[in-house]
Amino acid sequence: MAIELNKENIAGLIEKAFENHEIKVYYQPKFSAVNSKIMGAEALARWQMSDGVMISPAMFVPLLEELGLIIDLDWYVFREVCRFIADERKAGGKVVTVSSNFSRFHAREADFTKKLSEIADEYNVPRKYLEVEITESALAFEGVDIIDFVSSIKDAGFAISIDDFGSGLSSLNFVKDVPASELKIDKSLLSHNCENEKERIVLEAIFEFAHRLNMTTVAEGVETKEQLGFLRTCGCELIQGYLFAKPMPEEDFRNILLQSEKTTETEDILLVQSPATASQLLLDAVFTEYPLVIMSNLSRNSFYMMAYENFSTRSCPSTGVYTELIVHGASTMYPDDQKLFSDTFDIDDQIKAYERGERTRRVVTRQLGDDGIYRKVETTNYYMKNPNSDDILAITLSHAVE
Ligand code: C2E
Ligand code: MG
Ligand code: MG
């Protein structure tokens, strides 16, 4: 590099860089983990110095952040992204959602969302094509109500992605409250090539957590087939990494989009499925038939509800003490059926029945619906032992029969 960037010279240099179009936006595609199709992309800044040398953001982003100049870079990149998408739309090319990185300092910027909307409108780009990436470090940014900040972006119609999840001190509690649609798993979590047992346990837990919060997951920095294989078993939806594609100039990205448009063969999901997608399909099928599914540990008197659609007027906790759940369930039944319900699902009676060899138990009772009408409800329990602890478990499937 001809010029060494430092705190003293960067302010002047970046201003000139904007004027001279030395800041380039590279695009790194995000691919479907299931069928390898391009589903989106991330915009990444590059600085092409006047001597042609290309500088990576690691060299200038931290300096710009320190001097408060990062805001200008982010808006510059966002404008470029809007211009690119607008061009693609005009040319009738394939368009995918592109995410742009926004430093946490924007959370202190007045009218951030207004400005975002104005730029999108100026280029006439529908908001569904634009996504805002904020790093998990922004979630703990002092003096800012980050939930308000993110909510306003979401309410304006933009998608939000939490970047670098797992790289720092992210509070899971925060993530659960931030209305983001996407969680990007940091590449540092894949550093043992997904071959280390502890690494796999952590990843599995993160994917489970994200999916239960209805977030789409993106794995960043995927470089190997081993990583891809394991991520598929976790149900990871999107893959961003050198294994598929490196960040590339706009022109190359446009060509890749064009190519992907031409490949029309549709892949059979059952040929490319992972165990996780198969389990999800199975669960979806079960929930269609049984809106209420409960997993219970009879030995420990606990339960956990997997799907709950208002079965009764009185709302029920989704996890807690099994005997209390039965009391609650009985109270929503037709008075003549309450004893039948309580006796059928008596915890001690069920455990004894299991020891005698009973493996399933079914009862039909009349339950009060939201509309004040009693309906017949069939509840079936399936019993099994927890292979890890010998506890007796019950899986309850419940549905209205008329
Ligand atoms: P990021 O947002 O987490 O972007 C992903 C980084 O991972 C990119 O680095 C990308 O090139 C790299 N990467 C992707 N796949 C792989 C892989 O398979 N292996 C490895 N080793 N790396 C991979 P890049 O482009 O150098 O950007 C670094 C960081 O700089 C970005 O991390 C982002 O935090 C920041 N950055 C880049 N552009 C902007 C920008 O316009 N605004 C702001 N605020 N930050 C930006
Ligand atoms: Mg990013
Ligand atoms: Mg990242």
Side-chain angles (χ1 to χ4, degrees), residues 5 10 14 17-18 22-31 33 38 40-48 54-84 97-109 112 116 119 130-139 141 159-168 170 180 182-194 206 216-228 231 236 238-250 252-253:
L5 291 173
I10 194 165
I14 190 90
F18 289 135
E22 288 174 19
I23 303 296
K24 308 283 177 200
V25 177
Y26 273 38
Y27 293 86
Q28 187 177 30
K30 298 176 188 172
F31 295 86
I38 296 186
E42 174 174 11
L44 293 157
R46 299 285 180 270
W47 189 339
Q48 187 167 29
M54 195 66 90
I55 305 179
S56 90
M59 311 281 289
F60 58 90
V61 163
L63 274 174
L64 293 177
E65 285 207 314
E66 218 177 307
L67 297 174
L69 297 168
I70 191 71
I71 302 231
D72 301 333
L73 175 80
D74 294 346
W75 285 124
Y76 182 90
V77 170
F78 183 67
R79 274 188 172 277
E80 277 294 288
V81 167
C82 288
R83 201 255 316 132
F84 168 69
T97 299
V98 178
S99 56
S100 307
N101 292 283
F102 282 93
S103 155
R104 61 188 190 281
F105 291 99
H106 292 277
R108 291 190 185 143
E109 198 179 6
F112 173 80
L116 206 62
I119 298 175
L130 298 166
E131 185 168 40
V132 170
E133 283 195 20
I134 51 166
T135 56
E136 65 164 18
S137 63
L139 303 186
F141 201 33
I160 294 133
S161 178
I162 298 177
D163 200 1
D164 300 345
F165 180 76
S167 66
S170 42
E182 188 179 275
L183 193 68
K184 297 190 84 173
I185 317 297
D186 193 64
K187 50 183 171 290
S188 60
L189 295 176
L190 313 176
S191 59
H192 293 92
N193 205 28
C194 302
I206 290 175
T216 302
T217 50
V218 185
E220 281 189 308
V222 178
E223 295 182 352
T224 68
K225 287 195 169 143
E226 290 78 16
Q227 291 169 331
L228 175 65
L231 291 164
C236 177
L238 298 173
I239 304 289
Q240 185 184 341
Y242 297 170
L243 179 66
F244 285 112
K246 289 192 168 179
M248 61 190 81
E250 180 179 313
D252 295 353
F253 181 53

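Indexing begins at 1, ligand by ligand and atom by atom, following the structure's order.
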Which residue and heavy atom of the protein sit nearest atom 19 (N) of ligand 1, plus the separation
E223 OE2, 2.5 Å
Which of the atoms of ligand 1 are close to I70, meaning less than 4.0 Å from one of its heavy atoms?
44 (N)
Non-hydrogen atoms of R46 versus ligand 1: any pair closer than 4.0 Å?
yes
Tell me which protein heavy atom sits closest to atom 27 (O) of ligand 1, plus the residue, atom name and distance to 0.1 Å.
P57 CG, 3.3 Å
Closer than 2.8 Å to the Mg ion (ligand 3), do we get an N, O or S atom from D163, backbone or side chain?
yes
Do the rings of W47 and F60 sit parallel, tilted or perpendicular, given the 30° and 60° boundaries?
perpendicular
What are the atoms of ligand 1, with element, lying closer than 4.0 Å to any heavy atom of D163?
1 (P), 2 (O), 3 (O)
Do any N/O/S atoms of E133 come under 2.8 Å of the Mg ion (ligand 2)?
yes
Going by the closest heavy atom to atom 7 (O) of ligand 1, which one wins out of K187, R104, E220?
K187
Verdict with supporting geometry, E42 and N101, side-chain hydrogen bond (donor to acceptor under 3.5 Å, both in side chains):
CA-CA 8 Å; E42 174 174 11; N101 292 283; 2.8 Å; yes
Under 4.0 Å between heavy atoms, the region of A45 that gets near ligand 1 turns out to be both
Heavy-atom gap S103 to ligand 1 smaller than 4.0 Å:
yes
Which bit of K184 is near ligand 1, meaning a heavy atom under 4.0 Å away: side chain, backbone, both or neither?
neither
Nearest protein heavy atom to atom 11 (O) of ligand 1, by residue and atom, and its distance?
P247 CG, 3.2 Å
Taking N or O atoms only and a 3.5 Å limit, does Y242 qualify as a polar contact for ligand 1?
yes
Under 2.8 Å from the Mg ion (ligand 2) - does any N, O or S atom of N101 fall there?
yes
Which heavy atom of the protein is the closest neighbour of atom 41 (O) of ligand 1, given with residue, atom name and distance?
V77 CG2, 3.5 Å
Near the Mg ion (ligand 2), is there an N/O/S atom from E220 that is less than 2.8 Å away?
no
re atom 45 (N) of ligand 1, the protein heavy-atom contact at minimum distance is N101 CB, 3.7 Å
Mind checking the CG-CG spacing from L69 to D74? Nearest 0.5 Å is all I need.
11.0 Å
If the cut-off is 4.0 Å to any non-hydrogen atom of V222, which atoms of ligand 1 fall inside it?
18 (O)
Quick one: which ligand 1 atoms are inside 4.0 Å of a heavy atom on Q28?
10 (C), 14 (C), 15 (N)
So which bit of D186 gets within less than 4.0 Å of ligand 1, heavy atoms only: side chain, backbone, both or neither?
neither
Between L44, V25, I239, T224, flag the one that comes closest to atom 8 (C) of ligand 1 by a heavy atom.
L44
Among L64, D164, D74, the residue with a heavy atom nearest to atom 43 (C) of ligand 1 is D74
Among the N/O/S atoms of D164, the Mg ion (ligand 3) lies closest to OD1
Counting only heavy atoms closer than 4.0 Å, does ligand 1 sit against the backbone of K246, its side chain, both, or neither?
neither
If the plane angle is over 60° it's perpendicular, under 30° parallel, otherwise tilted; pick one for F102 and W75.
perpendicular
